[in-house]
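Worksheet for the structure shown next.
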Amino acid sequence: MQERYDPAAVEAQAQLYWDQQHSFEAKEDDSREKYYCLCMFPYPSGRLHMGHVRNYTIGDVLARFMRMNGRNVLQPMGWDAFGLPAENAAIANGIPPAKWTLDNIAHMKRQLKSLGYGLDWSRELTTCLPAYYRWNQWLFLRMLEKGIAYQKTGVVNWDPEDKTVLANEQVIDGRGWRTGALIEKREIPMYYLKITAYAQDLLDSLQSMPDWPERVRAMQANWIGRSEGLRVGFPHAIGEGGVLHAFTTRADTIMGVTFCAVAAEHPLAVHAANGNPELQSFIEECKRGPAVEAQLATQEKKGMPTGLFLTHPISGAAVPVWVGNYVLMSYGDGAVMGVPAHDERDFEFAKKYALPILQVIDIDGRRYSLDAWQSWYSEHGRCVNSGRYDGLEYEAAVSAVAADLSSKGLGERRTTWRLRDWGISRQRYWGCPIPIVHCKECGAVPVPDDQLPVILPTHLVPDGSGNPLAKDLEFLDVRCPKCGAQARRETDTMDTFVDSSWYFLRFACADNDQAMLDYRVQYWLPVDQYIGGIEHAILHLLYARFWTRFMHDMGAVPFKEPFARLFTQGMVLNEVFFRKPASGRQQYFNPADVLVSVEKSTQRRLAVLRSDGKEVESGGVVTMSKSKNNGVDPQSLVDEFGADTARLFMMFAAPPEQTLEWSDEGVQGAYRFIKRLWKAVYEHVSQGPAAALDKSALTEPQRAIRKQAHQTLAKVTDDLGRRRTFNTAIAAVMELLNALAKFPQASVQDRAVSQEALATAVICLSPIIPHATHALWKGLGHRTALIEEPWPNVDTEALQSSSVRMVVQVNGKLRGHISVAVDASEAVIHDSALSDVNVRKFIGSVGVRKIIIVPGKLVNIVV
RNA sequence: GCCCGAAUGGCGGAACUGGUAGACGCGCCGGACUCAAAAUCCGGUGGUGGUGACACCGUGUGGGUUCGAUUCCCUCUUCGGGCACCA
């Protein structure tokens, strides 16, 4: 073998071998247990970023590990190729999104290959090609048939200058990102998918998904947000009279209602605004407000009285109606009953507008003060000032109120969900066309299956002024499928989350051009291990679970949950640097181009741009992203040190589930380690072949090394297979190598033990640094390729030892160590611990009160 | 604002089920090799006190449970992720 570690040569050779052997092309084989290992497919933004390298290395380590454990592994890859960035690039450079996207894919595919991932490229899929997206359209039509897809109006961000719809991301401080124009909200017709029809099932199933992280299940459960309460009716004589409905989970506080607040879009608000210009302009202001929930929740709470009154359903008192900018039309009935005494938001609102606050819940006679909100105000307690409900506890009060309201026809128990239906219409070019034709006579007509796919033209170049599809006559002009009259194609495209909601199914049969899915889905699915960033914990994963349920209900797949086991990797973060010009867009600078220093006198951190030496602002440490320009290009690592070093460093830097703040200090250490391993093997084999191991004739140091080798194997097996802490697995192998470096190579059995230990180290690292270990395995004299090697078993005999070292504590503080026989009795351990000089010093003349023994570990003497 | 996480040496992190805090790596310091440097190898490295054995302090803050808490409970702070049209 070569003396010098040459990553470029070693990696090219290993990759060539895998290619020639078709090592990663997965074949269905009923006699073998399958393992479908899937990483979230990338958006082809141009180049791989560190998040990709982290994601795909985790996946590859698991895939290779499971392969060595005998599983028939499928690890596919594809491209989430529709989306906004392609249009932005088109606007900036005048290149059609199709060309930009496909070029990016070609480059990123080369990068993935250079990293040595064991991917089955024969199943590659690309969502922006008709071969894939035709099935989006086909399934959308099935959803229409079942009433799961339907049309209603939705609100979008409208840039009046560019006359275009903007994504939330393109709205900065209420203004369009390109024009700086004030953004308006517009209501337009859109298609929705009825995910709420599955709300209960999506929630319930979370209970029986033990192999999903607890935190992801908690986030999804909260997102679905089931809440049980009462839908209360407030009768009124406004207009032709009627009932205003408001949902509450706190019917026990109903006697504390001093106002009701409705959303700006609510019919009562609209009614009141008629002939009330002041209210009209307030409603307009609310409508201009933010569309994003985070901004909505943090904005100042404002309201205005409508001058209208409702009747309290129990007391009959008059209740004023207000319009509140914090009331969401999309939740419940778009109205809330205001109980300022026991709801923090209502309290704040009532104080601001001098509305009465009436305490109706008491907890242990605590003193209620109107001065400031206290957290106990919203806790469950006993009704007071509530007439016939006085003295009732929460449950009893809610039941009593429910019964009374129900008898009056003014209330019913109701389950409400936070989850809303999924709006999939996008007024954008670079997405999957929604297969609908608009006919003057027939209305919205679904495109018949035999006319699918509706092909997206690929030559258009968006210029920022609206969807180019809407100006493309060749696309627009169409005959109505029903009546044959001149008609117009729908120009909205689908949300890209549609594409990613079923791609994992398609990998089973990506080559089938006759059907969306086929029999192979039954062999490969569900996905055994899904791996992706924690940022997808809710939306993508919930949409995929919903989509799979629909397909299950139409009999297309035999399961409801697509991902048996989920692993969420932490984000890769880096500092953000920017300058904000007096006008125009914020400009971001890559951290590589920024010099950070600390001023000695003031301890102030100073960041300057290398090119002009002038200061830039720091925007904190956040996820690496193209839009914030704080990414680090992993290609530079691969170019300088090779793929194995990049992989090893990424896996060693932090446990995969944890957030990783980028720093490339330590890359050298990873490289150095591979070189040391290489050198250790080289020096070992250059003395000729090692003799066979004779386990019965080992010296104490030889036994010790053997023990450590097998302990390492046991730890790595557990760390890779169960704990998924690749950093500690690597550390264990490093320790083994450190021990081996101090181990003499004098005798024949020394060399035999070394041979075994080195082979163990190489095998243990092979899922992580597959190229170098591929070469080292051959170097160690093996004829077969490492990729075909089964994962070894631990020799439990090697782990045996006769004595054990125990810690001795006095009152929980470490005071000494003892070494006793493994099977020593408690009495022997006592005597041994009490005879330690230092221990005796701390016991002194005080009597021993208690002795606690943790077998094999520790003795604690309590005095 | 709401939901979900996280916080340990100069830095990344380890301590898996409540039982030796700081494994492993980086950096730094000292040494070897070298004309010199790089590379490599050897030794040291939480803080304070002590020549030393060793002692005391120490896991974001404040409290609690326990023989024993980085680990469990409560409080607060800071940071990260998500909030439905970025993907």
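This one's a predicted model, so the numbers in the text were calculated from it and none came from an experiment. Convention: sequence-line order gives letters A, B, ...; per-chain numbering from 1. Note that these values count all heavy atoms, side chains included, but never hydrogens, waters or copies made by symmetry.
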Exercise. Output the single nucleotide from A87(B), A84(B), G13(B) whose closest atom is nearest the side chain of Leu84(A).
Key: A87(B)
Quiz item: Between Thr196(A) and Asp421(A), is there a donor-acceptor pair closer than 3.5 Å when you use the side chain of the first and the backbone of the second?
Solution: no
Quiz item: Would you call Glu214(A) and Arg217(A) a salt bridge, taking side-chain N to carboxylate O under 4.0 Å as the test?
Solution: yes
Practice problem: Could you tell me the separation between the CG atom of Leu660(A) and the C1' atom of G13(B), rounded to a whole number of Å? | Solution: 11 Å
Exercise. Examine U40(B): is either OP1 or OP2 under 4.0 Å from a nitrogen or oxygen in the side chain of Lys675(A)? Give yes or no.
Key: yes
Quiz item: Hey, is the side chain of Arg723(A) poking within less than 4.0 Å of OP1 or OP2 on A14(B), counting only N and O atoms?
Solution: no
Quiz item: Across the strands shown, which category fits Tyr43(A) at heavy-atom distances under 4.0 angstrom: base, sugar-phosphate, nothing?
Solution: sugar-phosphate
Exercise. Write down the distance between NE2 (His536(A)) and C1' (G5(B)), rounded to a whole number of angstrom.
Key: 17 Å
Exercise. Dot-bracket for RNA chain B, please, read 5' to 3', with Watson-Crick or G-U wobble pairs under 3.5 Å on both distances, ( ) within the strand, [ ] crossing, | other strand, . unpaired.
Key: (((((((..(((......[....)))((((((.......))))))((((....))))..(.(((..]....))).))))))))....
Exercise. Select one nucleotide: of C26(B), G81(B), G13(B), the one nearest the side-chain heavy atoms of Glu535(A).
Key: G81(B)
Quiz item: Do the side-chain N and O atoms of Asn738(A) and Arg676(A) include a donor-acceptor pair separated by under 3.5 angstrom?
Solution: yes
Practice problem: May I ask you to say what Trp223(A) touches in the nucleic acid, namely base, sugar-phosphate or nothing, with a heavy-atom cut-off under 4.0 Å? | Solution: base
Quiz item: Per the atom types in the model, does the base of C85(B) pair as donor or acceptor with the side chain of Gln427(A) at under 3.5 Å?
Solution: yes
Exercise. For Glu575(A), check salt bridge (Lys or Arg N to Asp or Glu O under 4.0 Å) against everything at least two apart and list the hits.
Key: Arg605(A)
Are any protein N/O atoms closer than 3.5 Å to N/O atoms in nucleotides 66-74 of chain B? If there are, list each pair with its distance.
| unit_1 | atom_1 | unit_2 | atom_2 | d |
| --- | --- | --- | --- | --- |
| C67(B) | O2 | Asn860(A) | ND2 | 2.3 |

Practice problem: Sticking with atom C1', work out how far G22(B) lies from U59(B), rounded to a whole angstrom. | Solution: 9 Å
Quiz prompt | Selection from G80(B), A87(B), U40(B) that lies nearest to any side-chain heavy atom of Arg672(A) | solution = U40(B)
Quiz item: Any idea which of A23(B), C85(B), G81(B) is nearest the Arg428(A) side chain?
Solution: C85(B)
Quiz item: When we call it a touch if two heavy atoms are under 4.0 Å apart, what does Lys679(A) touch: a base, just sugar-phosphate, or nothing?
Solution: sugar-phosphate
Self-check item: Among A87(B), G25(B), A15(B), the one nearest Thr496(A) by side-chain distance
Solution: A87(B)
Quiz prompt | Sugar-phosphate, base or nothing in reach of Ser663(A), heavy atoms under 4.0 Å | solution = nothing
Quiz prompt | Nearest to side-chain heavy atoms of Asn838(A), which nucleotide of G1(B), C54(B), G81(B) | solution = C54(B)
Exercise. Taking atom P in both U65(B) and C74(B), compute the distance separating them and give it to the nearest angstrom.
Key: 15 Å
Quiz item: Could you state the interatomic distance from NE2 (His52(A)) to CE (Met624(A)), rounded to the nearest 0.5 Å?
Solution: 12.0 Å
Quiz item: Can G9(B) be described as syn, meaning its chi torsion is within 90° of 0, or is it anti?
Solution: syn
Practice problem: Please find out if less than 6.0 Å separates the ring center of Phe641(A) from that of Phe649(A). | Solution: no
Quiz prompt | N/O (side chain, Thr725(A)) to phosphate O (OP1/OP2, A14(B)) under 4.0 Å | solution = no
Practice problem: Side chain of Lys742(A) only, please: which of G27(B), G43(B), C85(B) is the nearest? | Solution: G43(B)
Self-check item: Most 5' of Glu214(A) and Leu858(A) on RNA chain B, judged by nearest nucleotide
Solution: Glu214(A)
Self-check item: Among A39(B), C85(B), C16(B), the nucleotide that comes nearest once only the side chain of Asp718(A) is considered
Solution: C16(B)
Quiz item: Do the charged groups of Asp343(A) and Arg250(A) touch, with an N to O distance under 4.0 Å?
Solution: no
Quiz item: Within this structure, what is the CZ-to-C1' distance between Arg676(A) and C41(B), rounded to whole angstrom?
Solution: 10 Å
Quiz item: Any side-chain N or O of Arg815(A) less than 4.0 Å from the OP1 or OP2 oxygen of C56(B)?
Solution: yes
Quiz item: Parallel, tilted or perpendicular: which fits the ring planes of Tyr198(A) and Phe546(A), with parallel below 30° and perpendicular above 60°?
Solution: perpendicular
Practice problem: Identify whether any heavy atom of Val621(A) sits under 4.0 Å from a base atom; if not, whether one sits that close to sugar-phosphate; answer base, sugar-phosphate or nothing. | Solution: sugar-phosphate
Practice problem: Could you tell me whether Arg426(A) and Asp495(A) make a salt bridge, using a distance below 4.0 angstrom between a side-chain N and a carboxylate O? | Solution: yes
Quiz item: With a non-hydrogen cut-off below 4.0 angstrom, is Val216(A) in contact with a base, only sugar-phosphate, or nothing?
Solution: nothing
Quiz item: Which whole-number value in Å describes the distance from Met571(A) CE to C79(B) P?
Solution: 18 Å
Self-check item: Check: Trp547(A) ring centre within less than 6.0 Å of Tyr503(A) ring centre
Solution: no
Quiz item: Touch check for Phe673(A), heavy atoms < 4.0 angstrom, all strands: base, sugar-phosphate only, or nothing?
Solution: nothing
Quiz item: Hey, is the side chain of Arg215(A) poking within less than 4.0 Å of OP1 or OP2 on G82(B), counting only N and O atoms?
Solution: no
Quiz prompt | Ser500(A)-Asp80(A) side chain donor-acceptor pair, cut-off 3.5 Å | solution = no
Practice problem: Classify the nucleic acid contact of Phe842(A) as base, sugar-phosphate or nothing, counting any heavy atom under 4.0 Å across all strands shown. | Solution: sugar-phosphate
Exercise. Figure out the CG/P separation between Leu814(A) and G58(B), and round it to whole Å.
Key: 16 Å
Quiz item: Any Lys/Arg nitrogen of Glu735(A) or Lys715(A) sitting under 4.0 Å from an Asp/Glu carboxylate oxygen of the other?
Solution: no
Quiz item: In whole angstrom, what separates Phe652(A)'s CZ from A23(B)'s C1'?
Solution: 10 Å
Exercise. Go through C16(B), G1(B), A14(B) for me and flag the one nearest to the Pro655(A) side chain.
Key: A14(B)
Exercise. For C85(B), take OP1 and OP2 only and decide whether either is under 4.0 Å from a side-chain N or O of Arg186(A).
Key: no
Quiz item: Of the nucleotides A14(B), G19(B), A23(B), which has the atom closest to the Asn727(A) side chain?
Solution: A14(B)
Practice problem: Using only side-chain N and O atoms of Asn222(A), determine if any of them is under 4.0 Å from OP1 or OP2 of C4(B). | Solution: yes
Self-check item: Protein-nucleotide distance (Glu293(A), atom CD; C2(B), atom P), rounded to Å
Solution: 11 Å
Quiz item: Phe743(A) CZ to C41(B) C1': how many Å, rounded?
Solution: 20 Å
